[in-house]
Protein chains: 2
Amino acid sequence: MKVLPEKTVERLSKYRRILNVEYERGERYIFSHELANLLHLTSVQVRRDLMLIEYSGSHKRGYEIKSLIEHIGNIIDPKGDINIVIVGMGNFGKAIAHYFNKRGKHYKVIAGFYRNASHCSTVFDGIPCLPISELQDFIQKNDVKMGVITVPPQQAEIVMHQLVEAGIKGILNYTPKPLKVPEGVFLEEYDVITSFEKVNYFIG
Amino acid sequence: MKVLPEKTVERLSKYRRILNVEYERGERYIFSHELANLLHLTSVQVRRDLMLIEYSGSHKRGYEIKSLIEHIGNIIDPKGDINIVIVGMGNFGKAIAHYFNKRGKHYKVIAGFYRNASHCSTVFDGIPCLPISELQDFIQKNDVKMGVITVPPQQAEIVMHQLVEAGIKGILNYTPKPLKVPEGVFLEEYDVITSFEKVNYFIG
DNA sequence: ACAATTATGTTAGATGTTTAACATTGCAAA
DNA sequence: TTTGCAATGTTAAACATCTAACATAATTGT
């Protein structure tokens, strides 16, 4: 299958979560317009996305929820588990750690890192909290694939370099400091301040 | 001036933050390619954005930092202060509250809300924490313009309705539950889980 | 004074994404 | 059987965004 558009991948993630809810509620089939309504999209967009992942429904009953969940999983889920580290165990880092501790099926936050580990109580929410000095060694020994950066912005760049050098392939930067990663590493950035200023602009 | 593209508004926010740093460092002029490098963009994109906001530089010295900062402020900053409430004072809500407490010039987080306010210590980081039952009343009495939703996903929709009814014009939804707001309200959504799954897909 | 240089400013084309229009299918009712 | 309906599947147009190419202008060196 050809590489999917970013926006389609994002929606696949959301489709599946909704589908799981519907399946739990006892539903077995769903129409494109129903799925669309649940996500506030159009049915055309849903069908187009499913076309791109080469999934077919039936004209009378729509899409079979269970097999669609599996189909999406085959596309967006990792083969085994993905080990994650969070660098910067402030409120933001803790929020993410907590989130995946409850929900993450394939995604395991296996450690948090802090400037000096004594500040962050040794274990948060079951996740060990280590000093940043051990970061690179830990990543290589534990086959860590993804890293989350939630340190103060001044430290973001150095942390990014450490992650990349240690062999990490995916980085989520929740710092306002813009980063640039080398070829072969995927970077996702989200900047809270920018979001607020954008919202304010469009409120007008 | 015509309404700006979303992406341009986002970059303006980032331009200004970088420009402030440069100004603090003693710089007074900056070239488009310098600004671009600091943000990992192209100089063309910078110049195009500045064209859209009708700001001109000089051929020999580039852009005058101070006046550009002001120019961007005139476009994206609110007239007075923007009062913000955060609904859901978990780690995520606290992270945002803390952020704006330190940095926000025009954006004031004036209250956090929690299901029952006794859980959240009465004041977090100088911000009063109130029970959700007082939400709507508080918004109307304090001219709150923006609301942040960081509650568990099941409660997101009802909270959104409360915010809208109370007259809020901008909503940031950090819940995985997709929301739909009425005409005239601007909604920004960010879904952590989706971001992780997207990164994983493109690590491939 | 004037070419060369090096920036900015602008327009047009390329790309990514969404929306709209249309074709197709399978069932149900006449 | 065949006609109508209500869904899916596909293609094409519209829209948003980014990139590349070009035009313009100010300064410097000769």
Side-chain angles (χ1 to χ4, degrees), chain A residues 1-15 19 22 27-65 67-68 71-72 178 180 186-189 194 198 201-202, chain B residues 1-15 19 22 27-65 67-68 71-72 178 180 186-189 194 198 201-202:
Chain A
M1 192 187 309
K2 265 174 54 174
V3 58
L4 299 169
E6 280 205 30
K7 301 290 185 182
T8 294
V9 174
E10 291 178 12
R11 283 190 296 268
L12 289 176
S13 162
K14 293 174 199 285
Y15 293 158
L19 290 169
E22 292 303 299
E27 300 292 329
R28 290 299 175 263
Y29 287 87
I30 195 167
F31 291 118
S32 61
H33 63 264
E34 293 174 322
L35 187 48
N37 285 339
L38 290 167
L39 286 155
H40 312 299
L41 305 170
T42 67
S43 62
V44 182
Q45 192 152 51
V46 171
R47 289 202 301 278
R48 209 183 186 298
D49 286 333
L50 298 189
M51 186 195 90
L52 290 176
I53 62 171
E54 296 165 12
Y55 185 84
S56 297
S58 98
H59 289 106
K60 216 50 195 179
R61 292 185 298 180
Y63 302 93
E64 212 253 302
I65 293 179
S67 79
L68 178 50
H71 192 91
I72 292 175
K180 165 137 185 192
F186 188 87
L187 172 68
E188 163 85 0
E189 300 194 301
T194 288
K198 185 172 86 171
Y201 176 82
F202 285 105
Chain B
M1 193 187 307
K2 268 175 50 174
V3 59
L4 299 168
E6 279 204 31
K7 300 290 186 184
T8 294
V9 175
E10 291 178 12
R11 282 189 298 268
L12 288 176
S13 163
K14 292 174 199 284
Y15 293 158
L19 290 169
E22 292 303 299
E27 300 292 329
R28 289 299 175 264
Y29 287 87
I30 194 167
F31 292 118
S32 61
H33 64 264
E34 293 174 322
L35 187 49
N37 285 340
L38 290 166
L39 286 155
H40 311 300
L41 304 170
T42 67
S43 63
V44 183
Q45 191 152 54
V46 171
R47 290 201 301 278
R48 208 180 187 297
D49 285 333
L50 299 190
M51 186 195 89
L52 290 177
I53 62 171
E54 297 165 10
Y55 185 84
S56 296
S58 98
H59 288 105
K60 216 47 195 180
R61 293 184 297 180
Y63 303 94
E64 211 253 301
I65 293 178
S67 80
L68 179 49
H71 192 90
I72 293 175
K180 164 136 185 194
F186 187 87
L187 172 68
E188 163 85 0
E189 299 194 302
T194 288
K198 184 172 87 171
Y201 176 83
F202 285 105

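So you know, we letter chains A, B, ... as the sequences are listed, proteins then strands, and number each from 1. The shown structure was predicted, so the numbers you read here are calculated from the model rather than taken from an experiment.
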Report which part of the nucleic acid A:S43 touches: base, sugar-phosphate, or nothing (heavy-atom distance under 4.0 Å, all strands). nothing
Remember a base hit wins even if backbone is also touched, and classify A:S56 as base, sugar-phosphate or nothing at under 4.0 Å, heavy atoms. sugar-phosphate
What integer distance in Å separates [X]:[atom1] from [N]:[atom2]?
X     : N      : atom1 : atom2 : value
A:E6  : C:dT17 : CD    : P     : 6 Å
B:L50 : C:dG9  : CG    : C1'   : 11 Å
A:H33 : C:dA20 : NE2   : P     : 18 Å
B:Q45 : C:dT8  : CD    : P     : 15 Å
B:D49 : C:dT8  : CG    : P     : 14 Å
A:R11 : C:dG16 : CZ    : P     : 15 Å
B:I30 : C:dT6  : CD1   : P     : 19 Å
B:L52 : C:dT10 : CG    : C1'   : 11 Å

How many angstroms lie between atom NE2 of B:H40 and atom NZ of B:K14, to the nearest 0.5 angstrom? 11.0 Å
Once you round to the nearest 0.5 Å, how far does OG of B:S32 lie from OH of B:Y15?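 It is 9.5 Å, given to the nearest 0.5 Å.
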Is it the case that the base of C:dT10 and the side chain of B:R47 share a donor-acceptor contact (distance under 3.5 Å, atom types as modelled)?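 Result: no qualifying N/O pair found.
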Would you kindly compare B:F31 and B:R48 by the position of their nearest DNA chain C nucleotide and give the one closer to the 5′ end? B:F31
5' precedence on DNA chain C between A:P5 and B:S58 (nearest-nucleotide basis):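 Closest to the 5' end, via its nearest nucleotide, is B:S58.
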Where does the angle between the aromatic ring planes of B:Y63 and B:Y55 fall among parallel (under 30°), tilted (30 to 60°) and perpendicular (over 60°)?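 Aromatic pair B:Y63/B:Y55 classed tilted.
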Span of DNA chain D in contact with chain A (heavy atoms, under 4.0 Å):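 So the outermost contacting nucleotides come out as D:dA7 to D:dA12.
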Can you name the closest pair of heavy atoms from [X] and [Y] and give their distance?
X      : Y      : answer
A:L38  : B:P178 : O-CG, 4.2 Å
B:Y201 : A:K2   : OH-O, 4.2 Å
B:T8   : B:D49  : OG1-OD1, 3.0 Å
A:I65  : A:L19  : CG2-O, 3.6 Å

Salt-bridge present (B:E64, B:R28; N to O < 4.0 Å):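 Salt bridge flag = no for B:R28 with B:E64.
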Heavy-atom side-chain proximity of A:F202 to B:V9 below 4.5 angstrom: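 Result yes, sub-4.5 Å side-chain heavy-atom pair found.
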Heavy atoms under 4.0 Å is the rule here; annotate nucleotides 23-30 of chain C 5' to 3' with B where the base is hit, S where only the sugar-phosphate is, and - elsewhere. --BS----
